[in-house]
Amino acid sequence: MRKGIPNLSALQAFEATARLGTFSRAAEELSLTHSAVYRQVASLEARLGVQLFTRVRRRIALTDHGAEYAGRIRHHLDQIEKDTFGLVSRTGMGRSVHIAVVPTLATTWLIPRLAGFNRLHPDITVSLSVRTLPFQFKDQPFDGALYHADHVWPGTRGVLLFRERELIPVCAPSLAQASREQAGSPIGGMPHLHLNSRPDAWRLWYTENHFLFGPQAAGGPRYELFSMVLAAAQAGLGVGLVPRFLAEEPLQQGLVVTPTPAVLPVTQGYYFGYPERVSRSDALRTFQTWLQGVVSA
């Protein structure tokens, strides 16, 4: 028995009250009475020896300690929920796989193709969650991952699906027409759109193509995802570097143009991997085979 862990019902009552702001709303969500939720929270405070809420008449507010604890408890309850769903989906709802995937690849490449997988394998449920950084499978509820890297992650088995090959500059057609060459570059006069996870991309592009990398290129807005960079480029906010395969459709539709043929070669690629010490399920093996077939078609 873990004597240091408070009662789970008390933690749920506290988290719901902290999130919803009142005992009454927490009681409604948890299908309990107001007094039951109040007692659970009070007993938690007594056990911890810490005041989690301040109470003035009928109003409550989190203390500093309460706000910090609520955030941590919410994270752990979310993880318990995800772990439970993962277990149930694998054992009671037919075959399933839970895949971690980088976000832009998921929305622009993988999800549009999943209908084809569903037609071939209607008995396999594919759930997706976003992860942008490497992780340890033993700490996460995933069967596999589709990620961007130089090589297969340590401690995993995997395959290279396809190389990224190159990043290309794209911008709105109107911006390309209005821009004039400045600072020794065909795009020097445009605002430069940057991706947070690849902060050196523009500097490398300038170096690769023997242009002067100046303050104009170093400045500009930063975005979390390639999809954001592409959307910003379409909106005329500037010129962005994106993988060619992600820009193909907007280029064909005339939503963006390439203002210069100069590109940035990329050696990394997109890999599919799974834990080395865990035997692949039949569903995961089927999903990997389908992925490899899609990229080789």
Side-chain angles (χ1 to χ4, degrees), residues 1-32 34 36-45 47-48 50-53 60-107 110-111 114 124-147 153 156 196-197 224-225 227-228 273-275 278 281 283-284 287:
M1 178 179 178
R2 295 180 181 267
K3 297 182 179 180
I5 299 178
N7 180 278
L8 182 59
S9 297
L11 293 175
Q12 288 178 295
F14 164 64
E15 187 280 328
T17 303
R19 173 165 41 83
L20 299 173
T22 69
F23 292 116
S24 297
R25 292 176 65 187
E28 182 179 352
E29 178 178 287
L30 298 172
S31 299
L32 298 172
H34 177 284
V37 172
Y38 181 88
R39 287 195 302 272
Q40 291 276 19
V41 173
S43 69
L44 179 63
E45 289 179 313
R47 171 169 183 151
L48 298 175
V50 176
Q51 186 176 5
L52 301 173
F53 292 100
I60 62 172
L62 284 163
T63 64
D64 290 342
H65 291 304
E68 179 183 359
Y69 193 52
R72 294 178 181 274
I73 293 303
R74 185 171 301 116
H75 168 77
H76 293 303
L77 289 176
D78 286 345
Q79 190 60 53
I80 291 172
E81 185 177 47
K82 290 178 182 178
D83 291 341
T84 302
F85 171 78
L87 177 62
V88 171
S89 65
R90 283 192 290 271
T91 59
M93 299 174 61
R95 298 194 297 167
S96 66
V97 291
H98 191 181
I99 307 297
V101 62
V102 286
T104 300
L105 189 72
T107 56
L110 179 58
I111 290 177
L114 275 181
I124 300 178
T125 300
V126 179
S127 298
L128 303 177
S129 293
V130 168
R131 289 294 184 277
T132 57
L133 298 174
F135 59 85
Q136 297 287 329
F137 276 100
K138 63 182 178 65
D139 300 326
Q140 300 288 339
F142 303 122
D143 301 298
L146 208 167
Y147 56 92
W153 285 347
T156 71
N196 286 340
S197 60
E224 284 290 328
L225 308 175
S227 57
M228 293 180 177
Y274 53 92
V278 176
S281 67
L284 187 64
F287 183 70

Spatial distance of atom [atom1] ([X]) from atom [atom2] ([Y]) [nearest 0.5 Å]:
X: Phe53; Y: Leu62; atom1: CZ; atom2: CG; value: 4.5 Å
X: Thr156; Y: Gln136; atom1: OG1; atom2: CD; value: 9.5 Å
X: Ser24; Y: Leu32; atom1: OG; atom2: CG; value: 12.0 Å

Specify the closest pair of heavy atoms between [X] and [Y], including all atoms of both residues, with the distance to one decimal.
X: Ala145; Y: Trp153; value: CB-CZ3, 4.0 Å
X: Phe142; Y: His98; value: CE2-NE2, 3.4 Å
X: Pro103; Y: Thr132; value: CD-CG2, 3.6 Å
X: Tyr69; Y: Leu44; value: CE2-CD2, 4.4 Å
X: Leu52; Y: Glu45; value: N-OE2, 2.7 Å
X: Thr107; Y: Ile111; value: CA-CD1, 4.4 Å

Are the side chains of Val278 and Phe137 in touch, meaning some heavy atoms are under 4.5 Å apart?
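They are not in contact (no side-chain heavy atoms under 4.5 Å apart), so the answer is no.
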Looking at side-chain heavy atoms only, is the closest gap between Leu114 and Leu128 below 4.5 Å?
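Yes. Closest side-chain heavy atoms under 4.5 Å.
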If we ignore hydrogens and angles and just use 3.5 Å, is the side chain of Arg25 paired with the main-chain N or O of Leu20 as donor and acceptor?
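Such a contact is found between Arg25 side chain and Leu20 backbone.
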Side-chain donor or acceptor of Thr104 paired with backbone N/O of Ser227 under 3.5 Å
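Indeed, once roles are kept as given, a pair shorter than 3.5 Å links the two residues.
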Would you sort out whether Val97 and Tyr274 count as a side chain to side chain contact (heavy atoms under 4.5 Å, CB included), showing the intermediate values?
CA-CA 11 Å; Val97 291; Tyr274 53 92; over 6 Å; no
Is Glu224 atom CD crowded by more than 12 heavy atoms from other residues, nucleotides or ligands, each under 6.0 Å away?
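Atom CD in Glu224 is not packed in, count stays at 12 or less.
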Heavy-atom count check: over 12 atoms from other residues, nucleotides or ligands less than 6.0 Å from Glu28 CD?
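No, because the 6.0 Å sphere around CD of Glu28 holds 12 heavy atoms or fewer from other groups.
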What residues form a ring pair (Phe, Tyr, Trp, His ring centres under 6.0 Å) with His34, not counting sequence neighbours?
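Scan of His34 (ring pair (Phe, Tyr, Trp, His ring centres under 6.0 Å), adjacent residues dropped) gives Phe23.
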Side-chain polar contacts of residues 5-18 - donor-acceptor pairs under 3.5 angstrom, sequence neighbours left out - could you list them?
unit_1 : atom_1 : unit_2 : atom_2 : d
Asn7   : OD1    : Ser9   : N      : 2.7
Asn7   : OD1    : Ala10  : N      : 3.2
Glu15  : OE1    : Arg19  : NH2    : 3.0
Glu15  : OE2    : Arg19  : NE     : 2.8
Glu15  : OE2    : Arg74  : NE     : 2.8
Thr17  : OG1    : Ala13  : O      : 2.7

Can you pull the salt bridge (Lys or Arg N to Asp or Glu O under 4.0 Å) pairs that have at least one residue in residues 60-70, sequence neighbours excluded?
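Every salt bridge (Lys or Arg N to Asp or Glu O under 4.0 Å) pair that includes a residue of residues 60-70, provided the two are not neighbours, is Glu68-Arg72.
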